[in-house]
There are 2 protein chains.
Amino acid sequence: MTAQVRGLHARVLESLGPAITGGAYPPGSVLRMDELSKEFEVSRSVMREAVRVLESMHLVESRRRVGVTVLPTPEWNVYDPQVIRWRLAGADRPRQLRSLTVLRSAVEPAAAGLAATHATAEQCAALTECAIGMVSHSRGRQLEGYLIHDIEFHRTILRASGNEMFARLGDVVAEVLTGRTHHQVMFEDPDPAAVTLHVKVAEAVRERDAERAQELTREITLGALEELDVLAP
Amino acid sequence: MTAQVRGLHARVLESLGPAITGGAYPPGSVLRMDELSKEFEVSRSVMREAVRVLESMHLVESRRRVGVTVLPTPEWNVYDPQVIRWRLAGADRPRQLRSLTVLRSAVEPAAAGLAATHATAEQCAALTECAIGMVSHSRGRQLEGYLIHDIEFHRTILRASGNEMFARLGDVVAEVLTGRTHHQVMFEDPDPAAVTLHVKVAEAVRERDAERAQELTREITLGALEELDVLAP
DNA sequence: CGGCGACAATAAGTCTGACTTTTAAGTCAC
DNA sequence: GTGACTTAAAAGTCAGACTTATTGTCGCCG
């Protein structure tokens with residue numbers, strides 16, 4: 001699932017990053033380079049590289065004569081896919097899922113509207129194919145197959161919008177959908193209404209009906225929000 | 001304006017980062033560590049730290065026996081504030097401004113709607129104050145003063161939404177507004193209609209009218225989009 | 001002639017130790 | 001108490017030696 005780590009510093013990150021976002025070192029905590037390198041049994045140079053990356057995510061700040069300070073949450077680069085993954089794996093997963101879903105409900109309808117006017121023929125075909133895949137996996141505990149097509153559907157919409165900022169949220173949406181499937185309704189089949197909506201969105205985009213694509217996508221994301229309210233109130 | 005760089009590796013980044021996002025090293029280019037450290041006259045350890053940060057932004061990928069490869073644009077972490085700043089300073093600034101403004105037009109209305117129900121009394125007061133500041137700087141070439149209040153207004157809306165993903169876009173909006181003021185209409189006074197809309201948004205939020213706050217903010221962002229169409233077609 | 005496996009060259013990765021620089025904090029005189 | 005001065009602690013920098021993964025090549029065999 002996750003790309004295999006390349007290099008020692010990446011392995012340190014995969015351990016230290018989640019520890020910070022998970023609250024093991026609360027904001028204001030001060031870590032020291034040589035203690036860290038002792039703890040993770042790596043040389044200081046490797047440790048420095050890891051800390052530099054955390055610093056670029058605004059998770060920590062390194063100052064001379066002080067040490068490595070954990071920054072307050074609002075400073076964190078919450079759009080960094082790695083940070084998102086770490087936080088979704090941690091304790092405040094529910095709140096995280098909610099704020100990401102709210103973001104989706106703002107962005108995806110707009111993206112769908114743009115996609116209706118910008119999508120290439122290939123992208124239209126891909127959307128239809130995804131929608132078909134969702135339908136055919138919508139009954140009988142085929143959640144994994146359903147998820148794959150669901151993710152690809154939303155990824156395609158975001159990419160087809162032609163806006164790179166929207167396109168880059170494909171990974172975020174994928175994480176959210178995966179999280180939902182794996183941690184909430186693993187046993188139930190997906191909502192039939194949602195499936196139908198996806199099919200209709202594919203239609204609307206194919207027919208270049210921006211208004212309808214936007215409205216239908218809004219319904220999808222609103223449904224996702226309501227689902228969250230029901231399952232994690 | 002920009003925070004003074006702390007450390008050598010940061011200085012290297014400030015030079016190498018814009019070079020990459022600016023296209024001086026097109027995607028697929030291969031750089032080599034020791035050549036880079038020669039070029040920037042820093043030790044390899046410093047260079048490695050800089051490359052690690054670029055790697056965490058998905059601007060480059062470092063592989064053994066190959067070197068440091070510049071990744072294709074769609075891979076880039078375009079939500080990283082530093083990447084945004086680098087790109088806005090570079091050649092494709094216009095396209096960048098456009099995609100950021102489209103993002104704004106999706107996010108800010110939703111944020112304003114949420115702000116209407118979540119804003120604290122202090123935040124309502126801050127909004128009103130910003131709006132007043134905008135009005136009083138809206139005539140007679142006081143663009144810098146206007147800009148400060150404009151930025152603070154949008155930042156407050158995003159923060160008051162209560163959604164951390166929205167809140168984190170405050171810096172992005174600030175960059176966009178700054179860019180617009182400094183590179184396009186430096187000589188003209190701001191559009192009076194926009195000023196009025198800001199005042200009305202502050203009102204709507206204060207009166208907890210989510211629907212109106214959202215609609216008015218949509219008008220603001222649509223105005224920003226149209227302005228872009230006129231000035232950079 | 002084409003594929004496969006061993007080998008060698010290459011560039012990143014890692015570690016270590018010595019040194020420098022910044023700066024928080026303590027100290028002392030006034 | 002306030003100021004300037006000193007000290008020490010921690011990150012920052014550098015250089016060099018060594019390790020390891022990867023890739024291209026070359027020769028062998030089918």
Side-chain angles (χ1 to χ4, degrees), chain A residues 2-17 19-20 24-72 75-76 82, chain B residues 2-17 19-20 24-72 75-76 82:
Chain A
T2 44
Q4 59 172 352
V5 282
R6 235 201 271 280
L8 253 185
H9 84 105
R11 215 167 307 164
V12 172
L13 269 180
E14 281 309 313
S15 164
L16 185 52
I20 292 175
Y25 305 97
S29 310
V30 175
L31 316 170
R32 255 162 300 150
M33 279 289 195
D34 43 4
E35 283 187 12
L36 286 173
S37 54
K38 279 268 164 62
E39 187 181 337
F40 290 97
E41 295 175 307
V42 293
S43 67
R44 285 168 327 191
S45 33
V46 168
M47 201 63 225
R48 314 191 86 260
E49 290 172 25
V51 168
R52 282 288 169 273
V53 173
L54 293 176
E55 211 173 9
S56 88
M57 296 169 173
H58 289 91
L59 258 51
V60 303
E61 186 191 31
S62 175
R63 288 177 57 192
R64 273 179 155 136
R65 168 68 211 240
V66 175
V68 177
T69 314
V70 178
L71 292 176
E75 298 281 335
W76 297 354
Q82 207 161 15
Chain B
T2 44
Q4 58 171 354
V5 283
R6 236 202 271 280
L8 253 185
H9 83 106
R11 215 166 309 165
V12 172
L13 269 179
E14 282 308 314
S15 165
L16 185 53
I20 292 175
Y25 305 96
S29 311
V30 175
L31 316 169
R32 256 163 297 150
M33 279 288 196
D34 43 4
E35 283 187 12
L36 285 173
S37 54
K38 279 270 164 62
E39 187 181 336
F40 289 98
E41 296 176 305
V42 293
S43 67
R44 281 168 323 180
S45 31
V46 168
M47 202 61 226
R48 313 191 87 262
E49 290 170 26
V51 168
R52 281 287 169 274
V53 173
L54 293 175
E55 210 173 10
S56 87
M57 296 169 173
H58 289 92
L59 258 52
V60 303
E61 186 191 30
S62 173
R63 288 177 57 191
R64 268 178 155 137
R65 169 66 211 243
V66 175
V68 178
T69 314
V70 178
L71 292 175
E75 298 281 334
W76 297 355
Q82 207 160 14

| query | Touch check for B:Ser62, heavy atoms < 4.0 angstrom, all strands: base, sugar-phosphate only, or nothing? | reply | sugar-phosphate
| request: Identify which nucleotide among C:dG13, D:dA11, C:dT14 has an atom closest to any side-chain atom of A:Leu8, counting heavy atoms from C-beta outward. | output: C:dT14
| request: Can you tell me the distance, in whole Å, between the CD atom of A:Glu49 and the P atom of D:dA11? | output: 16 Å
| Donor on one side chain, acceptor on other, A:Ser56 and B:Ser56, under 3.5 Å | yes
| query | Quick one: B:Arg32 CZ to C:dA9 P, roughly how many Å, whole number? | reply | 17 Å
| request: Would you kindly check whether a donor in the side chain of B:Arg65 faces an acceptor in the base of C:dA9, or vice versa, at under 3.5 angstrom? | output: yes
| Nearest-Å distance for atom pair CD/C1', residues B:Glu55 and C:dA12 | 11 Å
| field | Main-chain N/O of B:Ser62 paired with B:Glu55 side-chain donor or acceptor, under 3.5 Å | value | yes
| message | Expressed as a whole number of angstroms, how long is the span from B:Leu36:CG to C:dG13:P? | response | 12 Å
| task | Look at the side chain of B:Arg44 and the base of D:dG16, then say whether one donor and one acceptor between them are separated by less than 3.5 Å. | result | yes
| message | Tell me if the side-chain of B:Arg64 makes a donor-acceptor pair with the base of D:dA21, cut-off 3.5 Å, by modelled atom types. | response | no
| remark: Rounded to whole Å, CZ of A:Arg11 lies from C1' of D:dT20 at a distance of 13 Å
| task | Taking A:Trp76 for its side chain and A:Leu71 for its backbone only, find out whether a donor-acceptor pair lies under 3.5 Å. | result | yes
| message | What is the separation between atom CG on B:Asp34 and atom C1' on D:dA17, rounded to the nearest whole Å? | response | 15 Å
| query | Between A:His9 and A:Ala50, which heavy-atom pair has the shortest distance, and what is it? | reply | O-CB, 4.1 Å
| Under 4.0 angstrom, heavy atoms only, what part of the nucleic acid is B:Arg48 near: base, sugar-phosphate, or nothing? | base
| query | Are A:Leu16 and A:Tyr25 side-chain neighbours, meaning at least one heavy-atom pair lies under 4.5 Å? | reply | yes
| request: Choose from C:dT14, D:dA11, D:dG12 the nucleotide whose nearest atom is closest to any side-chain atom of A:Ser43. | output: C:dT14
| remark: Per nearest nucleotide of DNA chain C, the residue lying toward the 5' end, B:Arg63 or A:Arg63, is B:Arg63
| Rounded to whole angstrom units, what separation is found between the CE atom of A:Met47 and the P atom of C:dT16? | 15 Å
| Can you tell me how far P of D:dG12 sits from NE2 of B:His9, to the nearest Å? | 7 Å
